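Working notes, structure below.
Every value quoted in this text rests on a predicted model; they were computed, and no experiment measured them. Here is the naming used below: chain letters follow the sequence lines, and residue numbers restart at 1 for every chain. Keep in mind that the numbers below use all heavy atoms, side chains included, and drop hydrogens, waters and symmetry copies.
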2 protein chains.
Amino acid sequence: MTKIDTKIFKTLSDPNRLRILKMLQSKSLCVCEITDVLKLAASTVSKHLSILREVGFIIEQKDGKWVNYMINPRPSDARISSVISTLDFWISDDQVILSDKQKVQKVDRSEVCSR
Amino acid sequence: MTKIDTKIFKTLSDPNRLRILKMLQSKSLCVCEITDVLKLAASTVSKHLSILREVGFIIEQKDGKWVNYMINPRPSDARISSVISTLDFWISDDQVILSDKQKVQKVDRSEVCSR
DNA sequence: TTTATATTTCGATAGATAACGAAATGAATT
DNA sequence: AATTCATTTCGTTATCTATCGAAATATAAA
């Protein structure tokens with residue numbers, strides 16, 4: 001018997017992962033930038049990113065010390081393409097999301113990382 | 001600060017709740033009929049149904065001893081309408097789902113309930 | 001008004017998940 | 001080569017969730 005796959009919904013059922021997806025819609029970001037906005041431990045953010053990546057929502061691009069994460073431009077799963085292109089429908093722009101978006105616009109990697 | 005609402009995704013991230021939604025797409029069913037197909041305790045099925053109902057995916061209609069559950073024909077949340085009308089897109093008809101569908105067509109309430 | 005049946009509620013428990021800090025890894029700079 | 005910094009991995013812990021069986025509730029039948 002095959003098992004019903006719920007990993008897309010499970011991935012989307014954590015508020016911090018939804019915040020990350022919305023943030024990455026503005027621009028690609030490294031782990032420490034995301035950590036700065038979410039105010040979570042870097043290890044926690046890294047874990048969220050690995051889940052989003054494994055399921056196919058985002059991709060990573062290494063750049064020296066940094067790992068830049070961005071929305072997957074070509075997901076192989078149509079359901080993931082659909083969610084990504086209709087993110088605003090699924091996640092309303094409430095205060096948290098709006099505030100994240102403002103912070104993302106302002107983040108300066110040289111400020112936030114290394115300090 | 002408002003909290004990001006993940007209850008739709010959380011509701012959809014349990015395989016047994018997805019099976020119930022798919023079954024109810026074939027026809028409305030009572031708790032014991034669903035219990036018979038899923039092979040779970042009646043209390044567990046009842047709990048899944050209450051979650052699906054509270055979030056808005058299904059409605060209930062009392063009929064004597066029985067409580068019939070069915071897909072909500074007029075959800076107030078557009079996201080729920082969307083999920084319901086595109087269920088086949090989100091949940092592929094794998095063996096479990098197909099087998100459930102066959103069982104649902106055959107279930108006879110007077111057989112399954114009371115025995 | 002008992003009895004039977006369908007469902008829900010409750011309490012307990014096992015397993016999953018998110019969070020953290022510490023340690024390990026990898027890459028650039030000194 | 002040693003150091004620094006970004007990230008990941010690991011081990012632990014607290015919380016959440018799905019499950020069960022037993023008890024409570026509600027309705028119908030005897």
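For the pair A/Asn68 and D/dA6, the criterion of a side-chain N or O lying under 4.0 Å from OP1 or OP2 is not met. Regarding contacts with the backbone of D/dA6, every side-chain N or O of A/Tyr69 stays at 4.0 angstrom or more from both OP1 and OP2. Side-chain nitrogen and oxygen atoms of A/His48 include at least one within less than 4.0 Å of the OP1 or OP2 phosphate oxygen of C/dA19. B/Arg109 has no side-chain polar atom (N or O) that falls below the 4.0 Å cut-off from OP1 or OP2 of C/dA6.
With rounding to whole Å, A/Leu38 atom CG is found 13 Å from D/dT7 atom P. Here D/dT15 presents its P atom at 17 Å from CG of A/Asn16, a figure rounded to the nearest Å. If you measure from atom CG of B/Leu40 to atom P of C/dA6, you get 18 Å, rounded to the nearest angstrom. One can place NZ of B/Lys10 at 5 Å from P of D/dT17, the figure rounded to the nearest angstrom. Between A/Lys39 atom NZ and C/dA19 atom P there is a gap of 16 Å when expressed in whole angstrom units. Taking atom CG on A/Leu52 and atom P on D/dT8, their separation rounds to 12 Å, with Å as the unit. Whole-Å rounding puts the A/Lys3 NZ to D/dA18 P distance at 12 Å. Taking atom CD of residue B/Glu54 and atom C1' of nucleotide C/dT9, one finds them 13 Å apart after rounding to whole Å.
Put simply, CD1 on A/Ile8 and CG on B/Leu12 are 11.5 Å apart, with the number rounded to the nearest 0.5 Å. In this structure, OG on B/Ser28 lies 12.5 Å from CD on B/Glu60, to the nearest 0.5 angstrom.
Comparing atom distances between the A/Ser46 side chain and each of D/dT8, D/dC20, C/dA18 picks out D/dT8 as nearest. The B/Trp66 side chain lies nearest to C/dT7 when the options are D/dA18, C/dA19, C/dT7. Here D/dT8 is the nucleotide among D/dA18, D/dT8, C/dA18 with the atom lying nearest to any side-chain atom of A/Glu60. The side chain of A/Val67 lies closest to D/dT7, out of C/dA18, C/dT9, D/dT7.
Using a 4.5 Å heavy-atom cutoff, the side chains of A/Asp14 and A/Leu18 are not in contact. Side-chain contact between B/Val37 and B/Glu33 is absent, with no heavy atoms from C-beta onward closer than 4.5 Å.
Linking Ile, Leu, Val, Met, Phe, Trp and Tyr residues whenever their side-chain heavy atoms come within less than 4.5 Å places A/Tyr69 and A/Leu40 in a single cluster. Cluster annotation: A/Met70 is not connected to A/Ile80 through the hydrophobic network of ILVMFWY side chains, with a link wherever side-chain heavy atoms come within less than 4.5 Å.
Contact check of residues 23-35 of chain A against DNA chain C (heavy atom, cut-off under 4.0 Å) returns no residues at all.
Classified by interplanar angle (parallel below 30°, tilted 30° to 60°, perpendicular above 60°), the ring pair A/Phe9/B/Trp90 is tilted.
Relative to the six-membered ring of A/Trp66, A/Arg109 meets both conditions, a distance below 6.0 Å and an angle of at most 45° to the axis.
Residue A/Ser13 is the one, among A/Ser43 and A/Ser13, whose nearest nucleotide of DNA chain C lies closer to the 5' end (criterion: closest heavy atom).
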Just by protein heavy atoms under 4.0 Å, how would nucleotides 24-30 of chain D read 5' to 3' in B, S and -?
-> ---BS--
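Looking at every heavy atom in both residues, A/Ser13 comes nearest to B/Ser13 through OG-OG, 4.1 Å.
Between the side chains of A/Asp94 and A/Ser92, no donor N or O sits under 3.5 Å from an acceptor N or O.
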